[in-house]
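Single-structure report; data block below.
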Amino acid sequence: MQATTTLSAIEQSKRLAAYTAVDKHILPEHKASPSFIFIYLLELIILCRKVIGIGSGSTVPYVVERIVAQGRELNKDRVFIPTGFQSKELIVMSNLNLGDVDQFPIIDVTIDGADEVDLDLNCIKGGGACHLREKVLAEAANTFIVVADYRKNAEYLGTNFTPGVPVEVVPFAYAQVLRKLHDVLGSPNATLRMAKAKAGPVVTDNSNFVIDAPFPREMMKDPTTILAKIKMLTGVVEVGLFCDMAQAAYFGNEDGSVTVKRKVESKVVEELILPS
């Protein structure tokens with residue numbers, strides 16, 4: 001484990017968010033007692049996490065680090081489902097049990113990063129071009145938790161994450177999807193994402209292309225409508241808008257506190273966990 005002094009303030013805030021989320025949602029099993037069987041069953045439903053989705057991004061290594069720190073005894077019966085190559089490598093290198101969503105279509109909890117999260121816990125994801133698989137694991141999970149640093153905590157999507165909404169599209173259709181985004185859906189600056197270390201476009205784990213489509217602030221205030229319109233375009237595989245999916249988001253702050261936003265009876269409440 002890296003010493004705190006070797007981490008930048010941003011990395012410390014990422015680790016803080018990841019550690020807090022794991023401590024709150026990846027919990028030890030509670031043992032049964034004959035006189036408390038009802039309490040045991042309730043705790044089992046709420047707390048016992050055995051099939052765990054591991055997302056992608058720069059905060060996720062700290063999630064895995066914290067899970068590993070819980071010890072081999074707690075992890076020996078758990079199965080971990082990755083969203084992509086990065087998380088698969090983290091699981092394998094950490095000697096955790098690797099599984100697949102085909103084997104485990106119902107996941108207890110998925111913990112993932114985000115590029116930005118708004119007041120209603122809607123997220124932009126896909127900066128790393130993994131949003132199709134990330135959404136599959138988020139939808140398969142009984143509980144979907146987001147972890148990020150304070151820069152990702154915004155009032156509206158697109159405030160700090162400016163490249164736009166990531167859109168995964170089949171290569172054959174990308175030009176038509178771009179034209180529709182430009183001329184019909186209100187994203188005139190939508191562009192095909194190009195690779196930085198090689199010639200040509202970014203290619204996803206699913207052999208598709210990615211379009212980044214920025215929208216005006218007024219439109220981003222209603223991400224669900226944007227999501228529905230983009231999904232209707234022929235050739236679109238998935239959109240990096242995760243609307244009404246996350247149950248909670250953990251943001252590590254520069255001062256060592258953690259801002260927690262969670263849904264309670266369809267409302268989002270916020271609390272601040274101060275450093276101990």
Under 6.0 Å between the ring centres of Phe144 and His25?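 They do not qualify: ring centres at least 6.0 Å apart.
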Could you state the interatomic distance from [atom1] ([X]) to [atom2] ([Y]), rounded to the nearest 0.5 Å?
X      : Y      : atom1 : atom2 : result
Leu178 : Phe209 : CG    : CZ    : 11.0 Å
Asp244 : Asp120 : CG    : CG    : 9.0 Å
Ile67  : Glu65  : CD1   : CD    : 11.0 Å
Arg78  : Asn97  : CZ    : CG    : 10.5 Å
Lys50  : Ile107 : NZ    : CD1   : 16.0 Å
Leu16  : Leu7   : CG    : CG    : 11.5 Å

Would you check, one step at a time, whether the test side chain to side chain contact (heavy atoms under 4.5 Å, CB included) holds for Val268 with Arg262? CA-CA 5 Å; Val268 176; Arg262 54 191 176 87; over 6 Å; no
Ignoring hydrogens and angles, tell me if any N or O in the side chain of [X] forms a donor-acceptor pair with the backbone of [Y] under 3.5 Å.
X      : Y      : answer
Asp100 : Asp102 : yes
Ser257 : Asn253 : no
Gln70  : Ile26  : yes
Asp112 : Glu134 : no
Ser94  : Ile91  : no
Thr83  : Arg133 : no
His182 : Ala190 : yes

Is it the case that more than 12 heavy atoms not belonging to [X] sit under 6.0 Å from its [atom1] atom?
X      : atom1 : result
Lys88  : NZ    : no
Lys180 : NZ    : no
Arg217 : CZ    : yes
Gln103 : CD    : yes

Do [X] and [Y] share a hydrophobic cluster (ILVMFWY, side-chain heavy atoms under 4.5 Å, transitive)?
X      : Y      : result
Met194 : Val203 : yes
Val101 : Phe242 : no
Met219 : Ile124 : yes
Leu233 : Val237 : no
Val170 : Leu181 : no

Work out which heavy atom in [X] is nearest to a heavy atom in [Y]; give both atom names and the distance.
X      : Y      : answer
Pro82  : Gly99  : CD-O, 3.4 Å
Gly127 : Pro166 : N-CG, 4.2 Å
Ala138 : Met245 : CB-CE, 3.6 Å
Met220 : Gly158 : CE-N, 4.3 Å
Cys243 : Asn122 : CA-OD1, 3.2 Å
Gly235 : Ala173 : CA-CB, 3.7 Å

Would you list the pairs meeting ring-ring contact (aromatic ring centres under 6.0 Å, His included) in which at least one residue belongs to residues 74-110, sequence neighbours left out?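 Counting only pairs at least two positions apart or across chains, no ring-ring contact (aromatic ring centres under 6.0 Å, His included) contact touches residues 74-110.
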For side chain to side chain contact (heavy atoms under 4.5 Å, CB included), just list the numbers for Asp212 and Val167, CA-CA rounded to whole Å, side-chain angles, deciding distance to a tenth of an Å, and then say yes or no. CA-CA 6 Å; Asp212 292 307; Val167 181; over 6 Å; no
Under a 3.5 Å cutoff, is there a donor and acceptor pairing between the side chains of Arg15 and Gln12?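 On atom types as modelled, these side chains do not qualify, holding no pair under 3.5 Å.
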Applying side chain to side chain contact (heavy atoms under 4.5 Å, CB included), run through Lys263 and Leu121 and close with a yes or a no. CA-CA 8 Å; Lys263 286 188 177 176; Leu121 296 185; 3.7 Å; yes
Partner residues of Asp23 under the salt bridge (charged side-chain N to carboxylate O under 4.0 Å, His left out) criterion, sequence neighbours left out: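 Once residues adjacent in sequence are excluded, the partners of Asp23 under the salt bridge (charged side-chain N to carboxylate O under 4.0 Å, His left out) criterion are Arg66.
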Asp118: partners by salt bridge (charged side-chain N to carboxylate O under 4.0 Å, His left out), with sequence neighbours left out: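 Scan of Asp118 (salt bridge (charged side-chain N to carboxylate O under 4.0 Å, His left out), adjacent residues dropped) gives none.
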Sequence neighbours left out, cut at 3.5 Å: what donor-acceptor pairs do the side chains of residues 223-231 make with other protein atoms?
residue, atom, partner, partner atom, Å
Thr225, OG1, Asp222, OD1, 3.4
Thr225, OG1, Asp222, OD2, 2.4
Lys231, NZ, Glu238, OE1, 3.1

Any heavy-atom pair between the side chains of [Y] and [X] that's under 4.5 Å?
X      : Y      : value
Val210 : Val169 : no
Asn142 : Ile106 : yes
Pro171 : Asn208 : yes
Ile54  : Ile111 : no
Glu116 : Tyr156 : no
Val236 : Val177 : yes
Ile81  : Ile52  : no
Val117 : Phe251 : yes

When the side chains of residues 145-153 are checked against the rest of the protein, which donor-acceptor pairs come out under 3.5 Å, sequence neighbours left out?
residue, atom, partner, partner atom, Å
Asp149, OD1, Arg151, N, 2.9
Asp149, OD1, Arg151, NE, 2.8
Asp149, OD2, Arg151, NH2, 3.1
Tyr150, OH, Glu254, OE2, 3.1
Lys152, NZ, Ala114, O, 3.4
Asn153, OD1, Lys261, NZ, 2.7

Which salt bridge (Lys or Arg N to Asp or Glu O under 4.0 Å) pairs, counting each pair once, include a residue from residues 194-205, with sequence neighbours left out?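 Listed once each, the pairs would be none.
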Any Lys/Arg nitrogen of Asp115 or Lys125 sitting under 4.0 Å from an Asp/Glu carboxylate oxygen of the other?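 Looking at Lys125 together with Asp115, the answer is no, because their closest N to O distance does not fall below 4.0 Å.
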On the six-membered ring of Tyr62, is Lys14 placed so that its NZ or CZ lies under 6.0 angstrom from the centre and within 45° of the ring axis?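 Ring-cation test returns no.
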Stepwise side chain to side chain contact (heavy atoms under 4.5 Å, CB included) test for Leu90 and Val60: CA-CA 9 Å; Leu90 286 169; Val60 170; 4.0 Å; yes
